[in-house]
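Every chain is numbered from 1 and lettered A, B, ... according to where its sequence line falls, protein lines coming before strand lines. For the numbers below, each heavy atom of this structure counts, side chains included, while hydrogens, waters and symmetry mates do not. Remember, predicted model here, so these are calculated numbers, not experimental data.
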Number of protein chains: 2
Amino acid sequence: MKKTNLQSSSVTVADVARHANVSKSTAARVLGGYGVTSEKVRERVHASAKALKYRANELARSMTTGKSKTIGVVVGDIENSFFGIAVRSITDVLNANGFNVILANSDENFDVERDAVNVLVGKQVDGLIVAPANRYETAHLENLKTLNCAVVLFDREIPSMDVDTVISDDADAARNATEAFIAAGHRRLAFVTATIEGGREDNGKWRIPTSSVGRRIDGFLSACKEAGIAEENSLVVLNSDPDLGLGASISKLLDQPERPTAILASDSIVALEIFKQAQKRDIEMPDALSLIAFHNADWTEVTRPTVTVIDQPVSEMGRWSAEQLIKRIEGSAEPALHHVMKMKVINRQSVTSPK
Amino acid sequence: MKKTNLQSSSVTVADVARHANVSKSTAARVLGGYGVTSEKVRERVHASAKALKYRANELARSMTTGKSKTIGVVVGDIENSFFGIAVRSITDVLNANGFNVILANSDENFDVERDAVNVLVGKQVDGLIVAPANRYETAHLENLKTLNCAVVLFDREIPSMDVDTVISDDADAARNATEAFIAAGHRRLAFVTATIEGGREDNGKWRIPTSSVGRRIDGFLSACKEAGIAEENSLVVLNSDPDLGLGASISKLLDQPERPTAILASDSIVALEIFKQAQKRDIEMPDALSLIAFHNADWTEVTRPTVTVIDQPVSEMGRWSAEQLIKRIEGSAEPALHHVMKMKVINRQSVTSPK
DNA sequence: ATGAAAGCGCTAACAT
DNA sequence: ATGTTAGCGCTTTCAT
């Protein structure tokens, strides 16, 4: 009555070895698929393993090999379809290569991100893919170099860090989109993002923690400036009041007497909110309001008007980051790569000249 | 030159102990936050830990405690906003309770799901939340009972399994929606899903592996039958040709001479595809085609017409599953719970009587 | 309150 | 080709 066979506790290599009448190391060699073993022993061990319902303890394996075959992925918000697609492509590549993914949401909050990274490192992940929430905070990532942990930055660079990074050409894309607005005759423009304000820098420039958004704003403003648009007509709308949410900022924007005639939305969630609010106010699109959105979200071709978008190669970015991470884990020592992917505009119906 | 201090390899409890001039076990007690230690020693150890940049190895910790503080989550497709929201709420609850989440995509494929579950068990997860792709396959989940691994089924029950499960009232909701169509005068209806056909059962009924979809079909058909709708006018459209994709099935449906006047879409992705194809064919909605969709996706209030949806309490379901799992891990031995959440219809503009 | 020693399940080095 | 031994970094007895 002391030791029931059916009990839950796990069957180990030692148990299998005993049952198969071989040494622990021989059983381990067969079960772990390494070293050399004879056909005969292999069969015997496998049979015993099956009989005892042996399952390898990957934790123990990781302990001794120093490889956990686990990757940490830290994104801003998995609910955002941009990250949904990214995570999908990342896990696809990683799983295909025998890695598992621990997912963490930073909620675009740096403290959460740092904690997540630390926990993941504690779990001995072999590598990390992170979309850093703040391009001015690097300590938690710098630390990784010391440890045996590869990193790839996804969608957002950290200028001061020399690590593999994949981004898209945010500034160029934003500039092009803005120029398209201006070419169509717009003189009152706005860029809208859900990013929370990071204050201003000494030179008076916005301090935008989210690097991709920061670069988009740069592109937007430089195009406006070049075209001689006044500052008050090249608005940058941030999520100024996190309590009220972005909706409040957009309400304010649309309710002002001289509201912009063209808006560049930093992502599809922002674009959707603009769309909703414009409809509620009976603001005719595109005649009374032109719109271009970053990210070719699925719904953008089904609205009336359909939405002109800047198509980010999200899956490709995800794939690249995963593949690059694997290369590093396998020991690649080439200089850090900084991969910039081109975005392309998909012209649909939401842009016209202001009426 | 033999042992550089700056080298990557990790600082262990033993290192900290040596540096602080205490025994390994004392250092471990302080660092692990268990047992009793004196104030003085505690300070000294923490100081040493900081000086040496000690980081606990959670793998080793898990090895000895038998708790990995890690949960496996297996969903059909993280790109689907339904699962995106679910994963978000699940990870939120789990993280708040000190657990991490390993995410796996089954791609609605049973073999992938089984492999994923096995890998996760190998990684010694404390529990699993899974949206099983196939309600007729249970072996991989039955096994978990023997092991020290809690399970909660999410969104899909497995009738033969007595485990904690959270679903929504799919059959009722589908029946109600169908009855609404019929009450509006529709006599040619269709239910469309991306699920792949599982053949027919002996009694001639559809064999639908995805349990939630199966129950929705039951509800749809029973409402049709009750209203005396002929079989050829209560179509169930599956993704019959996985190579061509669901789009092909929908094309066929819409191109047939006597196409349905009302469609119930099994999820928002299906609904979006129907919307796109209807627009392409200039099928006026709702006059020429009424539509109700499961899942209150964000874009459904921005189309023209806006889409009447069956709102699933996705976040609540996610939260419930995570909370229930934690209870089990903490040792709750109450009988398995089978939690059914009510869905509610949000009436918008996509339903009218057939013209 | 602290220390010494054993052990989690596996792989790695070194025999034979 | 197989066996023996010694760890990985931590927690957990059991002493003191």
Please check: side-chain N/O of [X] versus main-chain N/O of [Y], any donor-acceptor pairing under 3.5 Å?
| X | Y | result |
| --- | --- | --- |
| B:D164 | B:V152 | no |
| A:N134 | A:Y136 | yes |
| B:T210 | B:S212 | no |

Enter the inter-axis angle for the ends of the helix from C:dA1-D:dT16 to C:dT16-D:dA1 (five pairs per end, rounded to 10°).
->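 End-to-end axis angle: 40°.
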Pairing of [X] and [Y] as salt bridge, 4.0 angstrom limit:
| X | Y | answer |
| --- | --- | --- |
| A:E43 | A:K40 | no |
| A:D162 | A:K145 | no |
| B:R61 | B:E58 | yes |

Chain A on DNA chain D: first and last contacting nucleotide, 5' to 3', under 4.0 Å to a heavy atom?
->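 Answer, 5' to 3': D:dA1 to D:dG9.
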Of all residues at least two apart in sequence or in a different chain, which pass the side-chain contact (heavy atoms from CB on, under 4.5 Å) check with B:S89?
->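 With sequence neighbours excluded, B:S89 shows a side-chain contact (heavy atoms from CB on, under 4.5 Å) to B:S315, given in chain and number order.
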Not counting sequence neighbours, which residues clear side-chain hydrogen bond (donor to acceptor under 3.5 Å, both in side chains) with A:S211? List them please.
->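 For A:S211 the side-chain hydrogen bond (donor to acceptor under 3.5 Å, both in side chains) partners, ignoring immediate neighbours, are A:R215.
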Listed by chain and number, what are the side-chain hydrogen bond (donor to acceptor under 3.5 Å, both in side chains) partners of A:R156, not counting sequence neighbours?
->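 Result, side-chain hydrogen bond (donor to acceptor under 3.5 Å, both in side chains) vs A:R156: A:E108.
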Mark up nucleotides 6-16 of chain C, 5' to 3', with B wherever a protein heavy atom is under 4.0 angstrom from a base atom, S wherever such an atom reaches only the sugar-phosphate, and - elsewhere.
-> -BBBBBB----
Could you go step by step and tell me if A:S25 and A:S23 meet the side-chain hydrogen bond (donor to acceptor under 3.5 Å, both in side chains) rule?
-> CA-CA 5 Å; A:S25 35; A:S23 75; 3.2 Å; yes
